[in-house]
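Input: a single structure, listed below in structure tokens.
Hydrogens, waters and symmetry mates play no part in the numbers below; they use all other heavy atoms, side chains included.
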Amino acid sequence: MSRSSRRGHRKVAAVALAVSAGLFVSSCADSGNGGGSGDAPDSGSGLSIGPVNEQSDEGDAVKGGTLTFSGYSAVTNLDPAKTQIAGSVAGSELGAIYDTLLRYDPASKEFVPKLAESMEPSSDFKTWTLELRDGVKFSDGTPVDSAAVSASLNRYVTNKGPQSSLYASKVASVDTPDASTVVFNLVDPWTGIESLLSTGPGMIVAPSAQQGDQFTPIGAGAFTLEKFAPNEELILDAREDYFDGAPNVDKLRLISIVGSQSTTESLKSGGTDVAYMRSLPNVLDLIDSGYPGFVDIPSLSYLSLVNTAPGRPGADVRVRQALALATDPVALDNRLNEGKGLPGQVIFQDTSRWHNDVAPIGVDTAKAKQFLDEAKADGFDGKITYLTLQENSAQAMALALQSMANAVGFDFQIEYVNSVADVVKRLYADRDFDMATGSANLAEADPFERLYSNLKTGGRNNAASFSDPEMDTLLDQLGVATSNDAKIEVLAKIQERANEVVPWQVYGNTPWLGVWGQNVHGIQQSLDGIMFFDKAWKN
């Protein structure tokens, strides 16, 4: 455990861009089934972050068998430098192959070493020293040493991994004084490096993995590749020489079943052992049915983007304000979720450790009409088009937004596309949209990274082309804050500024559930919905 953890500070290229964007949008594929924010009345779901239906008297671990995991989206790439790593996208699958230097313990709210032995900051948080465990080897038999760690991180930046811009802006240099020590010299004080090393950049790729243009997934995790059929299944074999002991199961079968209801039925029938769920009705069904698991509620997980680029309706802040003031998240939740969601407009609900007392922009249809009329007086024709998926729950959400916007004087049109890939292309490659379904999914461990990438002027994931010098300054202040109290203070200012400049249309949060059968044990939770299976077993 790092010294900063003991002090309580840890409360929390085109290919990479496309995959990162896929996470951003795919998390909203069931968006009609979830809402929320802590400024609203208590939700009907009663959900909070933490374990549900905890198992007792698990007994001794049973060896053998195959564990089947259904992820939220299919794995298409096994290179952690070329895909976003999160629970919803490849995180659990690639974590089984590579493991991570650090893991996040959501119970203690601390980062703990895994491939690393320790991670210690200097007193000013500008230098972090990582010590590697003795005897850890990649699956090809070569050592996980400081040279391999440094080379893997350099490779990640060279390949423009999704988090490479942030890493490069924060890390001035890396020293390897001996085979077991990696020293990170930072530009400014920064605690977020622990979060970074618990996800994609912390999945260390063996030096032998890249041979010219040929990449082979060779890591230090508990499993090795047997079969990979993109968009179908990934089969992994247990490593008998894994440094933390051979896994209990012989194999992992990693799939993605299309549709939350189909995934639920597979789990109940025993066809699937473990699953990642985001659809609120299915989440509540599985919890009510007694299935054990872990609930997380990422902030800003239920929202819409408004394009602020010149020439778009959203370039006028009054249009963005009018849309926000016209849209009632509680009414949306009642209409779409029977009042069981987590509706509201604040960035951080009271389920989050980062919650503050700043009120949101609020709902005021009279003021919405006023702002819209002012924009129309200056030439706005009132038309705005909303981009979303051709999917039942997404359609229901779009129609609800349309009725609220039209009620205050908008000419709100809806454009449907057939797949998440179509939305990704329109948002992140073409930037061709007025308003669109979206999500930011701020992790409880450290919300800075995704706030920065989604709001910072010129940010990699800033699909809405949002730019505000005052918000940029606040983001920079958040990046160098080293205590929870300091971070919450800046986050309150970010909420105040967001009320003024309205960078998103916030409707609340969508919970996710890592869930498994009663006969499954030993699943370990980490950052951002990532699950690890090296201690898992079935009886």
- Do you know which of I204, L101, V149, V182 makes side-chain contact (heavy atoms from CB on, under 4.5 Å) with L197?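 Running side-chain contact (heavy atoms from CB on, under 4.5 Å) over I204, L101, V149, V182 with L197 returns exactly one hit, L101.
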- Looking at T100, T83, V89, N77, which hits side-chain contact (heavy atoms from CB on, under 4.5 Å) with L94?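 One option only clears the test, and that one is T83.
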- Apply salt bridge (charged side-chain N to carboxylate O under 4.0 Å, His left out) to D140 and R239, showing your working. CA-CA 11 Å; D140 66 356; R239 280 184 63 186; over 6 Å; no
- Scan for ring pair (Phe, Tyr, Trp, His ring centres under 6.0 Å) pairs involving residues 516-539, sequence neighbours excluded, and state none if there are none.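 Applying ring pair (Phe, Tyr, Trp, His ring centres under 6.0 Å) to every pair that reaches into residues 516-539, excluding sequence neighbours, yields F69-F533, H521-W537.
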Flag side-chain contact, heavy atom, 4.5 Å: [X] against [Y]:
| X | Y | answer |
| --- | --- | --- |
| N185 | W128 | no |
| L236 | L254 | yes |
| Y104 | S195 | no |
| L102 | V112 | no |

Between the side chains of [X] and [Y], does any donor sit under 3.5 Å from an acceptor?
| X | Y | answer |
| --- | --- | --- |
| D476 | T473 | no |
| S180 | D178 | yes |
| E131 | S118 | no |

- Where do N519 and K538 land on the side-chain hydrogen bond (donor to acceptor under 3.5 Å, both in side chains) test, with the steps shown first? CA-CA 5 Å; N519 66 328; K538 296 165 58 177; over 6 Å; no
- Item | For the student: nearest non-hydrogen atoms of A443 and D528, plus distance |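 Closest approach of A443 to D528, heavy atoms only: CB-OD1, 4.3 Å.
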- Item | Residue from K251, K227, R253 passing salt bridge (Lys or Arg N to Asp or Glu O under 4.0 Å) with D237 |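 Among K251, K227, R253, the one meeting salt bridge (Lys or Arg N to Asp or Glu O under 4.0 Å) with D237 is K251.
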- Message: One pair to check against side-chain hydrogen bond (donor to acceptor under 3.5 Å, both in side chains): Y276 and R278. What are the steps and the verdict?
- Response: CA-CA 7 Å; Y276 178 104; R278 291 194 71 94; 3.1 Å; yes
- Item | Which residues share a salt bridge (Lys or Arg N to Asp or Glu O under 4.0 Å) with R155, sequence neighbours left out |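 D79.
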- Item | Residues forming a salt bridge (Lys or Arg N to Asp or Glu O under 4.0 Å) with D244, sequence neighbours excluded |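 Expected list: K114, K535.
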